[in-house]
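Worksheet: the structure to be examined is printed underneath.
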Amino acid sequence: NTTTCQQPSAKQTDVTVTQFYKDVLKGLRSEPKRLDSKYFYDAIGDKLFQELMNCGEYYPTNCELEIFTQKTAELAKSIIAGGDAFDLIELGAGDATKSSYLLKYLIDEKADFTYLPIDISGNVISYLNITLPVTLPGIKINGLQGEYFEMLTKAASISTKRKVVMFLGSNIGNMAVAEAEGFCRVLRQHLSPGDMVLIGVDLKKNPKTVLAAYNDKEGITRRFNLNLLQRINRELDADFEVNQFDHYPTYNPETGACKSYLISLQNQQVKINGTENISFAKDEYIDMEISQKFTLQQVDNMARSTGFKPLTQLLDSKGWFVDAVWVA
Ligand code: AVI
């Protein structure tokens, strides 16, 4: 998700527009209403997420960056300890800012590996295929554009080397707990014994710190959420009055669920595609996003319950974020 180059919008292919349209209608016709946060990331959403990562309150990116810059040797050691040649696969590579530190270290150590970034965006993949050989001379890179699991299967068909799969940025937190476990289980099915996962997970901490990260003073998160309504207007010919919806972030320290909602400020009707009417009651909410937070124990439990063995946990200096290494 972290990109400096623009991702293609859903406008680009009829298939993705159709899927976007179907998902939006299904979500807004559900009770309660919901939208899928994976649709936050059109070109404007990408820019807003970049802004968010640079704002004072949104800590996860900097915490994980600290791990990748300060604990590079430990990260590399855990990976290299698994055996000789390997494919280093990154799910949702974006601009690979964090992983670049690890890639550089592995190249300097003369580790025998190929980097296979996987991203849904063709722009991201061509950007990485072109820029990384310049910034990281000697890198072997083979970018794969497409869905995570389809591309993992493809990666397995072109190489039999052991796999190390990176899934960073606490992207796992954007799935509800059961869904996240399901994701890890499917990931495990795509791997063989001895393969590894390096997963970045945001941890439970002072609830005020978490909530502030999703309720920044500048209002970037607010705009990030509202942009999805604007995207629906732009791409699906809808007429959301965006200023009639309010951003409402919540954090439950008991469950670790940080959730964002948009609240309808009045009784209103929205037309999508010029034909489909959706009614909103005053104070009705749209469930927009979950950013689940975990304890270290829960991260280990998730590994075990989905068929992995937890190997290492590397934390930033504040103990707010973990990069965990699991073995299949
Ligand atoms: C991409 N993902 C891990 C971010 C998060 O923290 O859940 C997206 C985000 N949503 C609001 N702020 C950032």
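Side chains included, hydrogens not; waters and symmetry mates left out as well; all remaining heavy atoms used. Order of listing sets the numbers, starting from 1, for every ligand and every atom in it. Residue numbers run from 1 in the order of the sequence given. Just so we're clear, the structure is a prediction, and the values are computed from it rather than from any experiment.
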Does ligand 1 come near enough to Thr221 that some N or O of the ligand is less than 3.5 Å from an N or O of the residue? no
Atoms in ligand 1 with a heavy atom of Tyr58 nearer than 4.0 Å: 4 (C), 5 (C), 6 (O), 12 (N), 13 (C)
With the threshold set at under 4.0 angstrom, would you say Ser170 reaches ligand 1 through any of its heavy atoms? yes
For the CZ atom of Arg34 and the CG atom of Leu262, what is their distance to the nearest 0.5 Å? 15.0 Å
With heavy atoms only and a cut-off of under 4.0 Å, state how Phe40 meets ligand 1: side chain, backbone, both or neither. neither
Purely on distance, is any nitrogen or oxygen of Lys293 under 3.5 Å from one on ligand 1? no
Salt bridge (charged side-chain N to carboxylate O under 4.0 Å, His left out) pairs, two or more places apart, involving residues 197-221: Asp202-Lys205, Asp202-Lys293
Number the atoms of ligand 1 from 1 as they appear, then name those within less than 4.0 Å of a heavy atom of Gly169, with their elements. 3 (C)
Ligand 1 atoms in contact with Tyr41 (distance to a heavy atom under 4.0 Å): 1 (C), 8 (C)
Apply salt bridge (charged side-chain N to carboxylate O under 4.0 Å, His left out) to Asp84 and Lys161, showing your working. CA-CA 9 Å; Asp84 280 348; Lys161 283 188 236 158; over 6 Å; no
Might you work through the side-chain contact (heavy atoms from CB on, under 4.5 Å) test for Val299 and Trp326, ending with a clear yes or no? CA-CA 10 Å; Val299 176; Trp326 302 345; 4.0 Å; yes
Just jot down the ligand 1 atoms closer than 4.0 angstrom to any heavy atom of Ser291, in number order. 5 (C), 6 (O), 7 (O)
Answer yes or no: does an N/O atom from Asn174 fall short of 3.5 Å to an N/O atom of ligand 1? yes
Do Leu315 and Leu296 have side chains that get closer than 4.5 Å, going by heavy atoms? yes
Using a 4.0 Å cut-off to any heavy atom of Glu289, which atoms of ligand 1 qualify? 7 (O), 8 (C), 9 (C), 10 (N), 11 (C)
Can you check whether Leu236 reaches Leu25 side chain to side chain, under 4.5 Å on heavy atoms? no
Are Asp95 and Thr97 linked by a side-chain donor-acceptor pair shorter than 3.5 Å? yes
Could you check whether atom OH of Tyr248 has more than 12 heavy atoms from other residues, nucleotides or ligands sitting under 6.0 Å from it? no
If you count the atoms of ligand 1 from 1 in the order shown, which ones are under 4.0 Å from a heavy atom of Leu52? 12 (N), 13 (C)
